[in-house]
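Below is one structure, written out as structure tokens; the observations come after it.
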Amino acid sequence: MDTSDLYRAVTGFARSTPVWVQSAFELWTQYGLLLFGVLSAVVWWRARGRGGARAVALALLAPVATAVAYVVSETVKSAVDEERPCRAVVGAAVSLVGCPPPGDHSFPSNHAAIAGAAAVALVMAARLLAPLVVPLALLMAFSRVFVGVHYPHDVALGLLLGGAVAALLVLALTGPAASAVRAVRAGRIRAGLLLTGPGPADTSSPEVRNVPGCRMP
């Protein structure tokens with residue numbers, strides 16, 4: 001797959017943009033993945049405080065799925081000897097950031113794989129986040145080409161790889177993880193409750209029925 005012409009077009013466009021745009025992309029491509037981590041923490045905290053076992057399981061699986069996707073991407077990268085375009089593509093504009101050293105292969109993009117996995121896992125945990133995290137994942141992938149360190153096919157397949165790994169892992173483990181959350185909550189295991197939270201209040205219990213303002217159906 002040769003996307004050198006598209007790489008030249010994107011990097012040439014990048015060099016023609018204002019300095020503040022270039023700086024914004026450099027900042028995003030370097031630190032943008034941290035935002036997915038923050039969102040994962042928020043989703044987990046909300047699920048821990050008020051969610052059922054399945055919601056907590058999905059929230060806990062999101063960072064796990066993202067980490068597994070990174071490992072898979074890095075494994076593929078170590079097996080595919082593709083030189084970085086910032087060294088290999090003749091006639092391309094100089095990359096906005098330093099070209100990674102020789103031996104740091106280009107395919108697939110780990111950044112794109114992580115972003116794709118995080119976006120899919122977060123949407124599975126909280127669908128309302130889709131309009132936010134999907135564009136952010138696409139922007140992360142595009143930024144890797146914009147700054148000149150990846151081919152377009154590196155980021156496109158990185159997104160697909162990360163998203164597929166995350167989806168398969170979450171689908172496979174949600175049931176067992178939800179059962180584990182229920183077991184932890186039922187057993188009142190203190191260490192485990194730090195992760196799962198106590199769960200929704202049982203409104204059928206006498207204690208809850210006697211709370212002022214609590215109305216039973």
Side-chain angles (χ1 to χ4, degrees), residues 1-15 17 21-40 62-124 129-130 132-170:
M1 183 180 297
D2 186 2
T3 56
S4 298
D5 288 341
L6 184 54
Y7 172 81
R8 291 189 189 92
V10 173
T11 53
F13 168 73
R15 277 292 175 182
T17 59
V21 173
Q22 297 177 15
S23 298
F25 269 93
E26 291 172 23
L27 188 66
W28 171 250
T29 204
Q30 185 171 2
Y31 299 109
L33 290 178
L34 295 177
L35 181 55
F36 290 98
V38 171
L39 290 172
S40 293
V64 174
T66 303
V68 171
Y70 165 72
V71 172
V72 173
S73 176
E74 183 63 25
T75 301
V76 175
K77 181 189 288 283
S78 66
V80 179
D81 186 8
E82 180 185 78
E83 185 61 274
R84 293 278 181 165
C86 37
R87 272 190 297 275
V89 178
V90 177
V94 177
S95 58
L96 296 181
V97 300
C99 196
D104 186 345
H105 300 156
S106 189
F107 178 87
S109 165
N110 283 341
H111 279 70
I114 292 170
V120 168
L122 284 170
V123 169
M124 295 178 78
L129 286 178
L132 173 62
V133 297
V134 171
L136 288 179
L138 294 174
L139 182 62
M140 174 54 68
F142 176 73
S143 74
R144 303 304 288 167
V145 183
F146 188 92
V147 300
V149 294
H150 276 290
Y151 289 102
H153 66 264
D154 294 339
V155 300
L157 295 178
L159 281 173
L160 291 174
L161 176 64
V165 169
L168 291 173
L169 189 144
V170 171

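From a predicted model like this one, the values you see are computed outputs, not experimental measurements. Numbers here simply count residues along the sequence, with the first being 1.
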Report the residues that fulfil salt bridge (Lys or Arg N to Asp or Glu O under 4.0 Å) with R15, sequence neighbours left out, ordered by chain and then residue number. none
What side-chain donor-acceptor pairs closer than 3.5 Å can you find for residues 139-148, not counting sequence neighbours?
unit_1	atom_1	unit_2	atom_2	d
S143	OG	T29	OG1	3.0
S143	OG	M140	O	2.6
R144	NH1	T29	OG1	2.9

How would you list, by chain and number, every residue that makes a side-chain hydrogen bond (donor to acceptor under 3.5 Å, both in side chains) with S4, sequence neighbours excluded? D2
My understanding is that only residues two or more places apart in sequence, or in another chain, count here; which of them pass salt bridge (Lys or Arg N to Asp or Glu O under 4.0 Å) with E83? R87
Separation of W28 CH2 from L34 CG (nearest 0.5 Å): 9.5 Å
Residue pairs, two or more places apart or on separate chains, that pass salt bridge (Lys or Arg N to Asp or Glu O under 4.0 Å) and touch residues 110-121: none
When you compare the side chain of H111 with that of V149, does any pair of heavy atoms fall below 4.5 Å? no
Beyond-backbone contact of V133 with L35, side-chain heavy atoms, under 4.5 angstrom: no
Atom CZ of F36 and atom CG of L122: how far apart are they, to the nearest 0.5 Å? 7.5 Å
Work out which heavy atom in H150 is nearest to a heavy atom in V155; give both atom names and the distance. CB-CG1, 4.0 Å
For residues 97-105, tabulate all N or O donor-acceptor pairs below 3.5 Å that involve a side-chain atom, not counting sequence neighbours.
unit_1	atom_1	unit_2	atom_2	d
D104	OD1	R84	NH2	2.9
H105	ND1	K77	O	3.3
H105	ND1	V80	O	3.2
H105	NE2	D81	OD1	3.2

Determine the minimum heavy-atom distance between A115 and A137, stating which atoms define it. O-CB, 3.7 Å
Going by the rule side chain to side chain contact (heavy atoms under 4.5 Å, CB included), which residues pair with L132 if we only count those two or more places apart in sequence or in a different chain? L39, L129, L136
Going by the salt bridge (Lys or Arg N to Asp or Glu O under 4.0 Å) test, which pairs reach into residues 21-33, not counting sequence neighbours? none
Atom pair CG (D154) and CG (L161), whose distance is rounded to the nearest 0.5 Å: 12.0 Å
Could you list the residues that satisfy side chain to side chain contact (heavy atoms under 4.5 Å, CB included) with L6, not counting sequence neighbours? V10, P152
Mind checking what makes side-chain hydrogen bond (donor to acceptor under 3.5 Å, both in side chains) contact with S73, not counting sequence neighbours? N110
Work out which heavy atom in L96 is nearest to a heavy atom in A14; give both atom names and the distance. CD1-CB, 4.1 Å
side-chain hydrogen bond (donor to acceptor under 3.5 Å, both in side chains) against T3, all qualifying residues, sequence neighbours excluded: H153
Which pair of non-hydrogen atoms, one from A65 and one from V170, has the smallest distance, and what is that distance? CB-CG2, 4.0 Å
Note: S106 and P85 closest approach over all heavy atoms is OG-CD, 3.5 Å
Identify the two heavy atoms, one from Y151 and one from A88, that lie closest to each other, and give their separation to 0.1 Å. OH-CB, 3.6 Å
